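To start, the structure itself, in structure tokens.
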Amino acid sequence: MPLHQADRSAGPFDDVYALGTSDRRLSKYRIPDDSADPSSVYNLIRDELLLDGNSRQNLATFCTTWAEPQVRELLDEAFDKNIIDKDEYPQSAEIENRCVHMIADLWHAPRSWTTVGCSTTGSSEAAMLGGLALKWRWRKARQAQGLAADRPNLVCGPVQVCWEKFARYFDVELRQVPLDGDATEMRPQDLKRFCDENTIGVVATLGVTFTGAYEPVAALAAALDQIQRDTGFDIPIHVDGASGGFVAPFIQPELEWDFRIDRVKSINASGHKFGLAPLGVGWIVWRSREDLPEELVFSVDYLGGNMPTFALNFSRPGGEIIAQYYNFLRLGRRGYERIHQSCVDTARWLAAELAKLGPLEILYDGNGGLPCVCYRLTEGVEHGFTLYDLSDRVRIRGWQIASYPLPPNRHDTVVQRILVRHGVSRDLAALLLEEIKRALDHLRDNPVPRSTSGPSFSHN
Ligand SMILES: *Cc1c(COP(=O)(O)O)cnc(C)c1O
């Protein structure tokens with residue numbers, strides 16, 4: 001037998017790059033007939049993943065990219081726990097419940113120990129559940145009065161795509177308030193034109209995806225109070241706090257945006273964003289039991305009794321929820337405050353430094369909303385490059401910064417947004433700043449002849 005063949009059979013040598021599997025490309029279209037050595041398959045797949053961007057340098061994402069080793073351990077230990085099996089894993093179910101009540105308390109629910117809520121895969125699923133509850137509640141009220149209930153609409157500002165999905169999947173007209181003038185959020189005075197008897201609710205976003213700023217929930221509620229006095233329409237608010245729901249309570253505690261406002265009936269947030277849990281968990285909480293129509297709730301067996309559930313998914317991993325509970329206990333309110341505050345400080349520092357560079361005009365400087373920075377190229381100047389070119393240029397060193405147009409009517413304004421989240425240290429931000437400076441110098445000296453504009457990299 002030729003020597004090279006002998007070497008390639010598994011034996012004492014056993015090098016993962018010299019085993020049979022590694023002299024072929026990995027299969028793409030068909031499950032291979034034969035089994036393979038686990039360590040070589042593991043390494044080959046891991047190597048392919050080297051081609052992914054480095055998540056820590058991805059400043060487009062709001063999601064967790066750094067966690068303590070204990071979080072990884074808990075995730076690993078819980079990999080077999082299915083959160084839907086309440087009867088089989090009652091303590092995981094108990095931990096989920098504790099989280100719901102802690103979050104309800106964090107958001108000032110009037111009787112947080114009795115409020116209903118649940119975990120979801122993220123804010124998108126939570127938005128579907130929140131939207132469905134609004135739709136059911138509205139329809140029941142309309143039917144009770146003998147009125148038509150076939151043309152529901154939902155009013156919102158520049159929402160995340162999950163609300164467009166909700167509207168399409170569940171047959172609701174989405175009335176998105178266009179951005180007029182300099183506005184980057186929905187304004188209270190806009191509501192009157194968009195709300196009517198068929199409005200199932202208004203979605204207010206705490207932490208608009210495009211800029212990071214908060215919509216003024218209290219002022220929106222006051223505008224709806226006025227609409228109710230004028231027309232009798234009692235329109236509830238759902239707050240999409242995907243990011244802000246786990247930021248505001250810790251670093252902007254005076255800001256009233258949550259259940260302190262009567263009109264706010266439900267709130268969602270992503271545990272895996274500023275809740276600092278690993279990817280795969282979101283939350284929704286209703287103000288009180290009455291705000292979640294009982295027709296939407298199913299019962300599952302739980303310790304011989306019944307447990308109410310409301311979800312689009314069935315099987316789902318329990319580890320993220322357990323890790324969320326770990327974070328609550330491990331960090332405490334003070335820990336969240338310190339982490340988010342240092343992110344805010346870094347975001348504001350970065351905004352100030354970026355403003356000094358000249359070509360960038362800061363639209364949101366990290367003050368008052370999420371820890372992030374949003375800017376555009378200064379207007380009325382021929383820069384010789386676009387923000388898309390800048391995104392491409394900094395990507396050379398691995399930095400990922402999203403460039404994208406604002407929603408209508410400001411579609412012609414292209415912005416960039418840099419998220420400063422847990423793990424984006426001042427040092428890392430300073431390295432990024434250097435890279436942006438270098439990129440701007442390069443683009444200034446080498447204008448891009450024909451603009452390659454177009455979303456070369458966009459989070460949305
Ligand atoms: C991220 C985000 C969502 C979607 O949340 P997922 O947890 O990614 O499903 C919804 N709304 C807003 C405002 C967001 O920022």
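Side-chain atoms are counted along with the backbone in the values below, which use heavy atoms only and exclude waters and symmetry mates. Counting starts at 1 for both ligands and their atoms, in listed order. Bear in mind that the values here come from a model prediction, so they are computed numbers and not experimental data.
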Exercise for review: Kindly say whether the aromatic ring centers of His101 and Trp113 come within a distance under 6.0 Å.
Suggested key: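 Between Trp113 and His101, which both carry aromatic rings, the centre distance is not below 6.0 Å.
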Practice item. Verify whether the ring centers belonging to Phe310 and Trp286 lie closer than 6.0 Å. Key: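 Centroid separation for Phe310 and Trp286: below 6.0 Å.
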So if I count the atoms of ligand 1 from 1 in the order they appear, which ones are less than 4.0 Å from some heavy atom of [X]?
| X | result |
| --- | --- |
| Thr205 | 13 (C) |
| Ala242 | 2 (C), 3 (C), 10 (C), 11 (N), 12 (C), 13 (C), 14 (C), 15 (O) |
| Gln160 | 2 (C), 3 (C), 4 (C), 10 (C), 11 (N), 12 (C), 14 (C) |
| Thr209 | 13 (C), 15 (O) |

Practice item. Mind telling me whether Phe246 and Phe328 have parallel, tilted or perpendicular rings, with 30° and 60° as the class edges? Key: tilted
Exercise for review: Would you please classify the geometry between the Trp163 ring and the Phe166 ring as parallel, tilted or perpendicular, with 30° and 60° separating the classes?
Suggested key: perpendicular
**Study point:** Ion pair Asp389/Arg395, N-O distance below 4.0 Å
**Key:** no
Check your understanding: Between Ser123 and ligand 1, which part of the residue brings a heavy atom under 4.0 Å of the ligand: side chain, backbone, both or neither?
Key ->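 For Ser123, backbone and side-chain atoms both sit under 4.0 Å from ligand 1.
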**Study point:** Any Cys162 heavy atom less than 4.0 Å from ligand 1
**Key:** yes
Exercise for review: Would you tell me which option among His272, Lys273, Lys165 has the nearest heavy-atom contact to atom 1 (C) of ligand 1?
Suggested key: Lys273
Check your understanding: Quick one: does Ser124 get an N or O within less than 3.5 Å of an N or O on ligand 1?
Key ->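 It does: an N or O of Ser124 is found under 3.5 Å from an N or O of ligand 1.
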Review point. What about Ser270: any of its N or O atoms under 3.5 Å from an N or O on ligand 1?
Key: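 N/O-N/O distance under 3.5 Å: yes.
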Check your understanding: Hey, are Tyr214 and Glu185 close enough side-chain-wise for a donor-acceptor pair under 3.5 Å?
Key -> no
Review point. How far is atom 11 (N) of ligand 1 from its nearest protein heavy atom, and which residue and atom name does that atom have?
Key: Asp240 OD2, 2.6 Å
Review point. Should the heavy atoms of other residues, nucleotides or ligands under 6.0 Å from CZ of Arg338 be counted, would the total exceed 12?
Key: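 Open: at most 12 neighbouring heavy atoms sit under 6.0 Å from CZ of Arg338.
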